[in-house]
Amino acid sequence: MTCFWKGILNLLDAGEINRVLGTHFKDKPSAKRFVKALKGKNVPINTIKHNGITLTKIDSDDCYNRIKSINPKNIGNGYLCSGCEPIFFLISYLFEYNIKHVYCGSIILYTNSNSKGELVFGSNQSHFYSIERIINPSNSAILQNP
């Protein structure tokens with residue numbers, strides 16, 4: 001089950017993935033290829049706020065180590081998304097989006113001060129899905145003309 005990764009890929013286009021991750025995918029990559037490329041850009045992050053709060057160094061290091069431990073070969077076995085999700089910190093940082101995660105009616109926010117828009121996801125105890133990508137009007141031309 002790769003609904004977590006498919007949900008993320010649903011809101012990103014191949015050109016954007018290539019620019020940010022330094023890849024050369026002709027189309028959207030498979031979940032495994034995306035995870036492998038994303039892991040290659042993993043860094044400790046302390047500039048993204050989680051529900052308005054900046055991560056401590058310990059929390060930032062924990063997120064970095066969690067992403068480092070992900071095995072792309074095992075992503076088909078499911079992914080347990082947390083309320084303080086390391087992947088969302090990394091995607092918010094690298095792709096410059098705010099992320100809104102609606103979990104069973106509760107809203108969890110990941111805020112990037114350089115945001116070009118927002119990625120909105122939803123989930124419950126057993127399924128993760130994309131909702132929408134909202135681009136700030138001042139950035140729409142940039143995304144349409146890579």
Side-chain angles (χ1 to χ4, degrees), residues 1-55 59-103 106-124 126-146:
M1 174 92 83
T2 60
C3 61
F4 179 76
W5 304 107
K6 288 180 180 179
I8 291 169
L9 285 166
N10 191 44
L11 297 184
L12 301 173
D13 63 52
E16 185 174 30
I17 292 168
N18 287 335
R19 279 191 306 278
V20 172
L21 301 181
T23 54
H24 302 287
F25 301 121
K26 293 182 183 183
D27 297 310
K28 283 192 185 184
S30 67
K32 286 181 183 180
R33 293 179 76 197
F34 175 71
V35 171
K36 186 175 179 181
L38 189 63
K39 283 184 60 164
K41 295 292 184 176
N42 187 23
V43 294
I45 297 164
N46 62 2
T47 57
I48 304 303
K49 291 187 177 184
H50 179 256
N51 288 335
I53 299 170
T54 303
L55 291 180
D59 291 335
S60 176
D61 290 345
D62 285 347
C63 286
Y64 171 81
N65 288 326
R66 170 64 182 113
I67 293 169
K68 189 176 172 184
S69 74
I70 295 170
N71 184 344
K73 293 178 183 178
N74 294 334
I75 64 166
N77 297 333
Y79 183 84
L80 184 58
C81 180
S82 77
C84 188
E85 179 51 52
I87 293 294
F88 288 160
F89 284 102
L90 186 58
I91 287 174
S92 179
Y93 174 77
L94 293 174
F95 288 87
E96 297 182 331
Y97 284 108
N98 291 331
I99 294 177
K100 181 189 292 185
H101 180 202
V102 182
Y103 175 69
S106 296
I107 296 175
I108 304 166
L109 300 173
Y110 301 80
T111 310
N112 183 326
S113 61
N114 296 319
S115 172
K116 63 185 175 194
E118 182 175 62
L119 303 177
V120 184
F121 301 102
S123 68
N124 56 37
S126 62
H127 187 59
F128 180 90
Y129 51 92
S130 59
I131 296 175
E132 68 180 325
R133 176 173 81 162
I134 303 165
I135 303 300
N136 296 340
S138 61
N139 289 308
S140 61
I142 294 169
L143 290 176
Q144 293 173 358
N145 299 312

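Remember, it's a predicted structure, so these values are computed and weren't measured experimentally.
You'll find the side chain of Ile135 reaches within 4.5 Å of the side chain of Tyr97, heavy atoms only. With contacts defined as side-chain heavy-atom distances shorter than 4.5 Å, the pair Ile87/Val35 does not qualify.
Judged by distance alone, the side chain of Ser60 and the main-chain N or O of Ile45 form a donor-acceptor pair under 3.5 Å. For the pair Asn98 (side chain) and Glu118 (backbone), a donor-acceptor distance under 3.5 Å is absent. Judged by distance alone, with hydrogens and angles left aside, the side-chain atoms of Lys6 form no donor-acceptor pair with the main-chain N or O of Phe128 at under 3.5 Å. With hydrogens and angles ignored, the 3.5 Å screen pairs a side-chain donor or acceptor of Lys39 with a backbone N or O of Ile70. Checking side-chain atoms of Lys28 against main-chain N and O of Leu9 turns up a donor-acceptor pair under 3.5 Å.
The ring-ring contact (aromatic ring centres under 6.0 Å, His included) analysis of residues 25-53, with sequence neighbours excluded, yields the pairs His50-Phe89, His50-Tyr110.
The minimum heavy-atom distance linking Asn112 with Ser92 is given by the pair ND2-O, 2.7 Å. Of all the heavy atoms in Leu11 and Glu132, the pair that sits closest is CD1-O, 3.4 Å. Between Asn46 and Leu55, the closest heavy-atom pair is CB-O, 4.5 Å. Taking every heavy atom of both residues into account, Asn136 and Gly117 meet most closely at ND2-N, 3.5 Å. Scanning all heavy atoms of the two residues, the minimum distance from Ala14 to Asp27 falls at CB-C, 3.6 Å. Considering all non-hydrogen atoms of both residues, Arg33 and Pro29 come closest at CB-CB, 4.1 Å.
In this structure, Phe88 has its ring center under 6.0 Å from that of Phe121.
Listed by chain and number, the residues in a side-chain hydrogen bond (donor to acceptor under 3.5 Å, both in side chains) with Thr23 are Asn18 (sequence neighbours excluded).
Checking Glu85 against Tyr103 by side-chain atom types alone, no donor-acceptor pair falls below 3.5 Å.
Interatomic distance, Ile48 CD1 to Asn114 CG, rounded to the nearest 0.5 Å: 8.0 Å.
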Using the rule given for side-chain contact (heavy atoms from CB on, under 4.5 Å), can you reason through Arg66 versus Ser82, listing the C-alpha separation, both sets of side-chain angles and the distance that settles it, and then say yes or no?
CA-CA 11 Å; Arg66 170 64 182 113; Ser82 77; over 6 Å; no
Decide side-chain contact (heavy atoms from CB on, under 4.5 Å) for Cys63 and Leu90; before the verdict, give the C-alpha distance in whole Å, the side-chain angles of both, and the deciding distance to 0.1 Å.
CA-CA 9 Å; Cys63 286; Leu90 186 58; over 6 Å; no
